[in-house]
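Please read all numbers here as calculations on a predicted model, not as lab measurements.
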Amino acid sequence: QVQLVESGGGLVQAGASLRLSCAASGITFSNYAMGWFRQAPGKEREFVAAIRRSGGSTLFADLVKGRFTIARDNAKKTVYLQMNNLKPEDTAVYYCAAGATSLLSSSKSGYKYWGQGTQVTVSS
């Protein structure tokens with residue numbers, strides 16, 4: 001079955017960096033656009049970043065542009081989210097998702113498979 005397993009979350013201070021990883025199995029990874037979303041307590045799940053199948057194109061939410069980058073290694077079936085200059089408002093559970101199509105999407109409906117999430121907590 002399809003599994004997306006996130007890792008790399010944790011508790012850090014404001015200004016620190018974290019790199020999240022998402023390892024996929026059960027899918028032909030290189031066929032899927034991949035995305036990262038996050039959900040803070042009491043809030044809707046929101047788009048963070050996405051990357052196309054080849055890694056040639058990326059898309060970011062305005063709130064993270066210039067601080068976060070996304071990358072993928074199709075040989076390792078893994079997508080990464082590098083988060084720099086973290087802020088307390090970045091605190092959330094971060095989810096990776098495999099796209100329903102090959103196109104980049106910032107909408108939850110554009111993704112077919114979801115991981116269980118990893119907690120990121122940024123203290124001030």
Assess the side chains of S105 and S107: does a donor N or O sit below 3.5 Å from an acceptor N or O?
no
Is F47 close to L59 at the side-chain level, that is, under 4.5 Å between some pair of heavy atoms?
yes
Does the plane of the ring in Y111 sit parallel, tilted or perpendicular to the ring in F37? Use 30° and 60° as the thresholds.
perpendicular
Quick one: side chain to side chain donor-acceptor pair (under 3.5 Å) pairs with a partner in residues 67-76, sequence neighbours left out?
R67-D90, R72-N74
Locate the shortest heavy-atom distance separating L4 from C22; write the atom from each residue and the value.
CB-SG, 3.9 Å
Hey, does I27 have a side-chain heavy atom less than 4.5 Å from the side chain of Y32?
yes
Got a sec, which pairs hit salt bridge (Lys or Arg N to Asp or Glu O under 4.0 Å) with one end in residues 12-36, sequence neighbours left out?
none
Pairs where residues 52-63 contributes a residue and the test side chain to side chain donor-acceptor pair (under 3.5 Å) is met, not counting sequence neighbours
D62-K65
Check: residues 5-13 side-chain donor-acceptor pairs under 3.5 Å, at least two apart:
unit_1	atom_1	unit_2	atom_2	d
E6	OE1	Q116	N	3.1
E6	OE1	G117	N	2.9
E6	OE2	C96	N	2.9
E6	OE2	G117	N	3.2

When you compare the side chain of F29 with that of T78, does any pair of heavy atoms fall below 4.5 Å?
no
So disulfide (SG to SG under 2.5 Å) across residues 36-69, not counting sequence neighbours, yields none
Salt bridge (Lys or Arg N to Asp or Glu O under 4.0 Å) filter on E46, not counting sequence neighbours, yields R38
Determine whether the side chains of T121 and Q119 contain a donor N or O and an acceptor N or O closer than 3.5 Å.
yes
